[in-house]
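Residue numbers start from 1 in every chain, and the chains themselves are labelled A, B, ... in the order their sequence lines are given, proteins ahead of strands. All of these numbers come straight from a predicted model, not from anything done at the bench.
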2 protein chains.
Amino acid sequence: MVLSKACTYGVLASLYVAKQSENKSYVSIRDMSNELRISFHFLTKILQKLTAEGILQSHKGPKGGILLAREARNITILDVVLAIDGDKVFTECVLGLPGCGSERPCPMHNHWITVREDLREMFSTKTLAATSDDIRELGLRLSIE
Amino acid sequence: MVLSKACTYGVLASLYVAKQSENKSYVSIRDMSNELRISFHFLTKILQKLTAEGILQSHKGPKGGILLAREARNITILDVVLAIDGDKVFTECVLGLPGCGSERPCPMHNHWITVREDLREMFSTKTLAATSDDIRELGLRLSIE
DNA sequence: CAAATAAAAGACTCTTTTATCTTAAATTAA
DNA sequence: TTAATTTAAGATAAAAGAGTCTTTTATTTG
């Protein structure tokens, strides 16, 4: 798996919040966990990380929940991935050799760095705004159902 | 990590065997584990899988060890990856949604399938023969050192 | 202020992956 | 045929990832 489970949940949750953010009220984590079919407590932990990283903002108490901390067009899926999984996928050697790079390359290095960059590009070109528009217009899925 | 640790060890080991296979004698797993700095017993299990999958052949007893089961130019790195990790990386949804595909795509599907295919292509175009030639000619690394 | 609500935080469990250790089986060679 | 060597197999352990449960803290509303 390219992304950890926590990371895919974080991306799905961010897109869910972006999609709801026309209503200016906070998005309930409980509702989101029901709709996305993600364990509530596990989701909570992931969202806490995204909040700590300045991607989401949260509010306790009745009518509380979470919101995007910045405008949806200023947050990319790469931002969410980096916040949860870090940049390992985009920097590591595909054969796991420490210190692999142009000076001391592994047998796959030159080919791998192009694929790795394509992967990063894929995540960086998609903003939450544009992606949630796609979801609405094309009827794309965010959950198991 | 795109590949499991077991899988990266399997690829490194296969390349090591290919590189040694000018000498027609069996390659010692013990020597290989020392040179590649991979735990002997863990490596043994991985090689057993590759043997079971028909990529390697083994021989017990003194002067025993392993060899490629086919010619190095007829084994690709993809073969090794599929034998150990299966085809999950090349078929799964990047957001982990079960049943994601062109009929019921996730928000990243269309972009992801191109990256996924590039990844498969990277592994499938490299034979053990060509890659071990590269290693010799360009002095590439197979181990931590 | 008190009660209800909802996120935050931390402890804990389960599963999978990675790694180690021990014993068994096969083969070679003296 | 016996001793040494080397892979095979299985049991166990350690670490990481995924998921659950309980308690605490902050906020709203009656």
Side-chain angles (χ1 to χ4, degrees), chain A residues 1-13 16-17 20 25-34 36-69 84-86 88-89 92 95-96 98 144, chain B residues 1-13 16-17 20 25-34 36-53 55-69 81 84-86 88-89 92 95-96 98 144:
Chain A
M1 222 179 185
V2 173
L3 304 179
S4 70
K5 221 105 211 312
C7 191
T8 63
Y9 291 166
V11 171
L12 294 171
Y16 180 90
V17 175
Q20 307 293 107
S25 59
Y26 285 99
V27 175
S28 150
I29 298 180
R30 177 68 67 180
D31 291 351
M32 178 161 47
S33 82
N34 286 334
L36 297 183
R37 306 288 202 279
I38 300 173
S39 146
F40 172 74
H41 291 285
F42 192 33
L43 181 57
T44 288
K45 286 203 186 342
I46 297 160
L47 298 177
Q48 280 168 30
K49 196 158 190 180
L50 291 177
T51 302
E53 297 284 336
I55 290 173
L56 300 177
Q57 62 184 111
S58 71
H59 192 75
K60 290 181 181 177
K63 305 277 176 186
I66 57 170
L67 275 183
L68 299 182
I84 297 175
D85 276 355
K88 284 195 309 289
V89 204
E92 271 185 350
L95 295 182
I144 285 177
Chain B
M1 222 181 184
V2 173
L3 304 179
S4 70
K5 218 114 212 308
C7 190
T8 64
Y9 290 166
V11 171
L12 294 172
Y16 180 89
V17 175
Q20 306 293 107
S25 60
Y26 285 100
V27 175
S28 151
I29 299 179
R30 177 67 68 181
D31 291 349
M32 178 160 48
S33 82
N34 287 333
L36 298 182
R37 306 288 204 278
I38 300 173
S39 146
F40 171 74
H41 287 103
F42 192 35
L43 181 57
T44 287
K45 286 201 185 343
I46 297 160
L47 297 177
Q48 280 169 29
K49 195 158 192 180
L50 291 177
T51 301
E53 296 285 335
I55 290 173
L56 299 178
Q57 61 184 114
S58 71
H59 192 76
K60 290 181 179 176
K63 305 278 178 184
I66 57 171
L67 276 183
L68 299 182
V81 170
I84 298 175
D85 275 354
K88 284 196 310 288
V89 204
E92 272 186 349
L95 295 182
I144 286 176

- line: the helix from C:dC1-D:dG30 to C:dA30-D:dT1: angle between terminal helix axes, five bp per end, to the nearest 10 degrees, reads 0°

message: Using heavy-atom distances to pick each residue's nearest nucleotide on DNA chain D, tell me which of A:Y9 and B:I66 is more 5'.
response: B:I66

- request: Would you indicate what B:T51 reaches in the nucleic acid, counting non-hydrogen atoms under 4.0 angstrom: base, sugar-phosphate, or nothing?
  value: nothing

- prompt: For B:S28 and D:dT6, is the shortest distance between a side-chain N/O and OP1 or OP2 below 4.0 Å?
  reply: no

query: More 5' along DNA chain D: B:I29 or A:L3, using each one's nearest nucleotide?
result: B:I29

Can you give me every donor-acceptor pair (side chain of residues 43-53 of chain A, partner residue at least two apart or in another chain, under 3.5 Å) with its distance?
unit_1	atom_1	unit_2	atom_2	d
A:T44	OG1	A:F40	O	3.0
A:T51	OG1	A:L47	O	2.8

Listed partners of A:Y26 passing side chain to side chain donor-acceptor pair (under 3.5 Å), at least two apart: none

message: Suppose we screen for side-chain contact (heavy atoms from CB on, under 4.5 Å). Which residues come up paired with B:S28, at least two apart in sequence or across chains?
response: B:R30, B:D31

For nucleotides 28-30 of chain C, print each protein N/O atom paired with a nucleotide N/O atom at under 3.5 Å, atom names and distance only.
unit_1	atom_1	unit_2	atom_2	d
C:dT28	OP1	B:H59	NE2	3.1

- prompt: Atom NZ of B:K49 and atom P of D:dT7: how far apart are they, to the nearest Å?
  reply: 20 Å

Sort me out a list of protein N/O and nucleotides 20-22 of chain C N/O pairs below 3.5 Å, or just none if empty.
unit_1	atom_1	unit_2	atom_2	d
C:dT20	OP2	B:S39	OG	2.9
C:dT22	O4	B:H41	NE2	3.1

Side-chain donor-acceptor distances from residues 57-65 of chain A under 3.5 Å, at least two apart:
none

Identify all side-chain donor-acceptor contacts of residues 2-10 of chain A below 3.5 Å with residues at least two apart in sequence or on another chain.
unit_1	atom_1	unit_2	atom_2	d
A:S4	OG	A:C7	N	3.1
A:S4	OG	A:D85	OD1	2.6
A:S4	OG	A:D85	OD2	3.4
A:K5	NZ	A:Y9	OH	3.2
A:T8	OG1	A:K5	O	2.8

message: Under the rule for side-chain contact (heavy atoms from CB on, under 4.5 Å), what residues qualify as partners of B:S39, not counting sequence neighbours?
response: B:F42

- request: Report the distance from atom OH of A:Y26 to atom P of D:dT27, rounded to the nearest whole Å.
  value: 10 Å

message: Would you say A:S58 places a side-chain N or O within less than 4.0 Å of OP1 or OP2 belonging to C:dA6?
response: no

